[in-house]
2 protein chains.
Amino acid sequence: MTTAHQAPGETRPGGRTARTRRAVLAALSAELAEHGFAALTMERVAQRSGVHLATLYRRWRSTDKLVCELLTELSGDVPLPDTGTLPGDLRALARAIGRFYGDARTRGLIEAVVAAAARDPQAATALRDFFDERLELAGALVRRAVARGELPADTDPKAVLSALGAPFSYRILIARRPVDPGLAESTATAVLAAAEAGAYTTGAAGTGGGAADGGAPGRAD
Amino acid sequence: MTTAHQAPGETRPGGRTARTRRAVLAALSAELAEHGFAALTMERVAQRSGVHLATLYRRWRSTDKLVCELLTELSGDVPLPDTGTLPGDLRALARAIGRFYGDARTRGLIEAVVAAAARDPQAATALRDFFDERLELAGALVRRAVARGELPADTDPKAVLSALGAPFSYRILIARRPVDPGLAESTATAVLAAAEAGAYTTGAAGTGGGAADGGAPGRAD
DNA sequence: AGATTAACGCGAGCAACTTCGCGTTAGTTG
DNA sequence: CAACTAACGCGAAGTTGCTCGCGTTAATCT
């Protein structure tokens with residue numbers, strides 16, 4: 001040990017690194033919102049952020065990885081409602097999801113991540129984990145409703161919530177039309193009726209829309 | 001006009017053209033099923049099909065266009081059920097959709113088309129039209145139910161059917177888990193309950209999950 | 001059958017994307 | 001504040017993907 005200071009080989013989380021990171025992610029987000037994933041290039045992000053192209057490749061290696069980091073960055077956005085009743089909670093959450101998908105920034109990001117996930121396994125994992133985590137958190141909403149006796153006891157929270165989210169991603173990725181307010185209302189109403197009817201219970205009709213793992217007893221045909 | 005034969009500049013639909021087309025699409029489908037969109041390259045399709053790389057670029061220009069042609073080729077696969085009752089029809093259709101998405105070939109294709117649509121407007125249009133057409137066809141199922149008095153008169157067929165399809169695409173593209181039989185059962189039960197409750201009527205709660213065009217009166221906030 | 005030409009095979013060329021080596025800047029620590 | 005080095009900027013080299021021109025094959029029509 002001479003007069004060595006920082007252990008060589010360690011990462012350095014300090015000022016400049018964080019600054020360029022912010023600049024890059026901001027530029028990426030803006031690019032996605034304005035020109036979409038179609039026009040996304042490392043080159044463009046480099047120019048817009050003022051960070052050199054080589055640096056981008058060094059730290060992120062590809063646009064897929066870049067986009068995937070922006071997704072994980074975007075946590076804690078959609079706030080969980082607690083209105084006291086299940087219909088109120090579902091409506092509020094559906095509207096929040098509608099706004100989330102309605103924003104050009106997040107819309108472009110979702111599209112980009114799904115496209116990235118088709119090619120990059122790491123992006124696929126990030127995508128799955130992101131929504132898994134949100135479903136887990138939002139599960140509290142359903143558990144409260146079960147505790148209040150508004151839903152069957154064996155209702156699967158993740159099934160309910162993925163049913164609430166599915167129409168929005170369908171609208172964006174498949175139908176490719178704008179997310180209008182009516183979709184939120186319709187979806188909230190639909191999921192409420194379905195949940196009350198016991199469509200998302202673990203025992204009866206099926207394992208439901210979200211929890212995939214458990215071995216379902218039925219057959220495929 | 002010497003002894004000219006075929007009008008010069010016309011397309012030639014005959015034997016060889018069609019044969020290479022089939023070979024290419026078959027190779028593409030196999031590649032998607034085996035290695036997924038991640039590993040899809042013009043190079044690979046060329047080698048597998050035995051068609052020269054330059055020919056692929058000449059006729060399709062990119063993998064996006066290629067994939068998009070395979071989608072339009074895949075018409076008339078999911079058969080429409082007619083069991084006589086709405087619950088029966090919904091279950092049967094949900095199972096058919098489940099099998100459709102369960103197949104590695106179509107699963108890879110869907111993923112590929114969605115990824116392609118994120119970059120190529122033509123692929124986006126093809127994707128939208130494909131599902132739009134199927135929704136339109138399957139609408140008959142809902143209209144029959146309305147005629148039998150099983151559903152409210154102003155039920156929007158497309159809303160019902162996109163609600164039936166959404167959970168599957170969500171499972172594949174977002175949740176990224178296998179499509180199990182339970183999902184079909186759960187979805188059929190859920191959509192039935194929601195439709196009976198009037199969640200997909202044009203008047204009441206919202207315009208619904210599928211027909212996006214009509215001006216919805218509500219606001220986003 | 002024979003003439004005509006769209007579609008294909010082939011390899012070389014072009015362009016875009018990605019990586020590498022080196023000098024410089026600016027956090028970090030004693 | 002002085003030494004140290006991770007992270008960055010920069011331009012050049014390397015790689016991959018895509019296009020072009022030319023000769024060949026095989027549909028199509030009289």
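Letters A, B, ... mirror the listed sequences (proteins, then strands); counts begin at 1.
- Inter-residue side-chain proximity for R119(A) and F37(B) is flagged as met; some heavy-atom pair is nearer than 4.5 Å.
- A salt bridge links R48(A) to E34(A): one of the charged nitrogens lies within less than 4.0 Å of a carboxylate oxygen.
- Within 6.0 Å of CZ on R61(A) lie no more than 12 heavy atoms contributed by other residues, nucleotides or ligands.
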Report, as a single string ordered 5' to 3', how protein heavy atoms within less than 4.0 Å touch nucleotides 13-18 of chain C: B base, S sugar-phosphate only, - not at all.
----SB

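- Here the P atom of nucleotide dA6(D) and the CZ atom of R19(A) are 19 Å apart, to the nearest Å.
- Heavy-atom minimum distance, L135(A) versus S162(A): CD2-CB, 3.8 Å.
- Whole-Å rounding puts the K65(B) NZ to dT19(D) P distance at 11 Å.
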Show the distances under 3.5 angstrom between N or O atoms of the protein and N or O atoms of nucleotides 10-15 of chain D.
none

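- Contacts between residues 111-126 of chain B and DNA chain D, counted as heavy-atom distances below 4.0 Å, involve no residue at all.
- Put simply, CZ on F100(A) and OG1 on T106(A) are 5.0 Å apart, with the number rounded to the nearest 0.5 Å.
- Neither side chain, T17(A) nor R59(A), offers a donor N or O lying under 3.5 Å from an acceptor on the other.
- Distance CG (L56(A)) to C1' (dG9(D)): 12 Å, rounded to an integer number of Å.
- For A96(B), the side-chain contact (heavy atoms from CB on, under 4.5 Å) partners are V78(B), R99(B), not counting sequence neighbours.
- Not one side-chain nitrogen or oxygen of T20(A) sits closer than 4.0 Å to the OP1 or OP2 atom of dA7(D).
- Under the rule for a side-chain contact (heavy atoms from CB on, under 4.5 Å), the partners of R144(A) that lie at least two apart in sequence or sit in another chain are D82(A), D89(A), A140(A), L141(A), R148(A).
- Considering CG of L70(A) and CG of L32(A), their distance stands at 7.0 Å, rounded to 0.5 Å.
- Closest to the R16(A) side chain, of the nucleotides dT25(C), dG9(D), dC8(C), is dT25(C).
- Two end axes, each from the C1' atoms of five base pairs, can be drawn for the helix from dA1(C)-dT30(D) to dG30(C)-dC1(D); they diverge by 50°, to 10 degrees.
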